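The structure appears below as structure tokens.
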Amino acid sequence: MASPSPHAATATVPADHLMGVYSRAQLAFDRGEGVRLYTAQGEAYLDCMAGIAVNALGHAHPKLVEAVKSQAEKLWHTSNIFRIPGQEALAKALTDVSFADVVFFTNSGTEAIECALKTARKYHTANGHPERIDIIGFDGSFHGRSYAAINAAGNPSYVEGFGPTLPGYVQLKFGDHDALKAAIASPTTAAVIIEPVQGEGGARAVPDADLRDMRALCDEHGVLLIYDEVQCGLGRTGKLFAYEWSGAAPDIMTLAKALGGGFPVGACLATAEAAKGMTAGVHGSTYGGNPLAMAVASVALEELSKPELLEHVNDVAGYFVQQLEGLKSRFPDVVLDVRGRGLLIGVKLATNNRAFMQLARDQKLLVAGGGDNCVRLLPPLVITQEEAREALVMFEAACEVARASIKAEDASA
Ligand SMILES: *Cc1c(COP(=O)(O)O)cnc(C)c1O
């Protein structure tokens with residue numbers, strides 16, 4: 001059958017003139033302050049998703065606002081043709097607090113992933129092993145939406161319809177140690193990529209012992225270990241980096257989301273050894289690491305690294321989980337499981353998670369969705385216990401409504 005001409009009008013133009021890749025809630029916000037978002041009509045919502053783990057310091061944090069303002073008046077962009085002092089300062093700060101020696105700055109998590117995967121393959125080429133191209137990933141993971149990122153994560157619904165899947169990506173079952181052991185031993189394996197706590201997949205934490213085993217297996221076979229901490233990193237789990245809980249450091253790690261506290265910026269961190277193939281001319285970015293992004297991210301990192309903030313995350317997270325466990329026992333017909341780490345909390349539901357997100361919004365509470373029929377609570381890390389209590393009251397009210405709808409369904413069945 002001949003393909004129709006692209007000029008043949010078979011599609012309708014959407015009213016919002018946006019590509020229809022999101023099914024959006026019918027809700028828009030006008031301003032934010034701390035953990036609250038306000039509509040143009042002045043309705044307040046309690047934000048327990050923080051722009052999907054981005055606004056870690058809450059909305060309109062005075063120090064971030066000041067950083068944007070003062071840098072905006074000085075210099076926005078010059079290009080990576082020149083030295084960028086802000087990049088050097090932030091790279092020093094990031095390497096001081098992590099396993100890493102070097103950093104490449106990007107504008108998003110996906111771009112950080114792209115850099116991580118390229119760095120891994122280049123490392124093996126630099127070592128005289130260009131045949132080592134395979135990236136081992138896990139089901140339920142999310143690494144972004146570029147071709148490499150969707151192939152690394154392997155989620156069929158993200159890959160389908162975009163042409164053939166790329167060679168060099170191996171997909172394993174989350175937690176299948178034997179399969180991992182076999183795959184790592186292959187002479188064409190380049191790297192393993194894993195989120196220490198899966199975000200989009202539904203707040204599934206990798207057991208610390210598994211990360212340590214993975215580290216040992218990678219070392220044994222000369223394979224690089226990549227952690228995607230775009231979502232779980234930078235304080236979200238109660239340590240600055242999620243991998244710190246296990247003590248098993250990666251060779252390469254991606255960051256984004258909280259790094260700019262809402263300003264778009266990402267980073268690929270690596271040891272000098274893992275990055276040895278990343279020489280002049282092999283990679284780059286026009287905007288990555290621009291002075292404006294660096295100014296904001298430097299302030300955000302300083303705030304996120306404060307021991308008192310991390311302690312606060314652990315305290316509030318403990319409170320959330322304890323209270324959610326209580327809800328689970330009072331609403332066993334609605335709440336099936338509470339999981340995750342720190343303030344990356346997943347609540348697995350018996351009712352449809354998308355419908356539950358609307359029930360939460362009806363209570364003026366914002367929660368994120370997640371795989372495995374979860375909703376995720378990803379509040380700003382600065383949320384107080386009082387605000388957490390407020391969120392839990394709304395969450396419980398949503399559970400009540402969900403229970404009533406389950407009962408109504410049962411009665412009609
Ligand atoms: C959000 C996310 C990404 C992609 O980041 P973008 O900024 O949307 O490109 C990659 N990995 C993980 C774990 C994420 O949560």
Side-chain angles (χ1 to χ4, degrees), residues 19 21-22 24 49-56 104-120 135-155 157-159 162 169 171 174 191-206 211 225-237 241-243 250 252-269 285 287-290 293 296-297 300 304 339-346 367-372 374-379 381:
M19 280 197 196
V21 295
Y22 289 106
R24 298 171 193 269
M49 59 178 288
I52 313 183
V54 167
N55 307 96
F104 179 84
F105 289 106
T106 67
N107 309 291
S108 69
T110 303
E111 289 168 76
I113 290 290
E114 199 73 22
C115 178
L117 299 173
K118 288 176 76 175
T119 300
I135 311 289
I136 299 173
F138 299 90
D139 68 328
S141 59
F142 180 77
H143 301 302
R145 297 291 198 147
S146 69
Y147 281 123
I150 59 178
N151 277 275
N155 181 338
S157 66
Y158 293 173
V159 172
F162 293 112
Y169 291 90
Q171 188 67 29
F174 184 85
V192 175
I193 183 165
I194 191 162
E195 297 162 81
V197 185
Q198 279 190 351
E200 302 304 303
R204 288 197 294 183
V206 181
L211 286 184
L225 182 56
I226 305 171
Y227 288 160
D228 180 351
E229 293 219 14
V230 167
Q231 184 159 158
C232 63
L234 293 162
R236 174 96 1 222
T237 68
F241 301 111
Y243 76 81
I252 302 172
M253 179 171 77
T254 55
L255 299 174
K257 296 205 162 90
L259 184 56
F263 196 94
V265 56
C268 176
L269 283 64
S285 169
Y287 293 126
N290 65 80
V296 185
L304 293 168
R339 64 206 194 186
R341 193 153 216 178
L343 287 175
L344 202 174
I345 303 167
V367 296
D372 201 22
C374 280
V375 292
R376 274 172 303 159
L377 292 152
L378 306 163
L381 305 183

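All values derive from a computational prediction rather than experimental measurement. Whatever order the structure lists ligands and atoms in, that order sets their numbers, starting from 1.
Inter-residue side-chain proximity for Arg376 and Glu200 is flagged as met; some heavy-atom pair is nearer than 4.5 Å. Using a 4.5 Å cut-off on side-chain heavy atoms (C-beta onward), Pro250 and Ile226 make no contact.
Every protein residue with a heavy atom nearer than 4.0 Å to ligand 1 is included here: Ser108, Gly109, Thr110, Phe142, His143, Gly144, Glu195, Asp228, Val230, Gln231, Lys257.
The line from CD of Glu114 to OG1 of Thr119 is 10.5 Å long, rounded to the nearest 0.5 Å.
With sequence neighbours excluded, no residue forms a ring-ring contact (aromatic ring centres under 6.0 Å, His included) with Tyr169. Under the rule for a salt bridge (charged side-chain N to carboxylate O under 4.0 Å, His left out), the partners of Arg339 that lie at least two apart in sequence or sit in another chain are Asp337, Asp372. Residues that satisfy the side chain to side chain donor-acceptor pair (under 3.5 Å) test with Thr237, not counting sequence neighbours, are Trp245.
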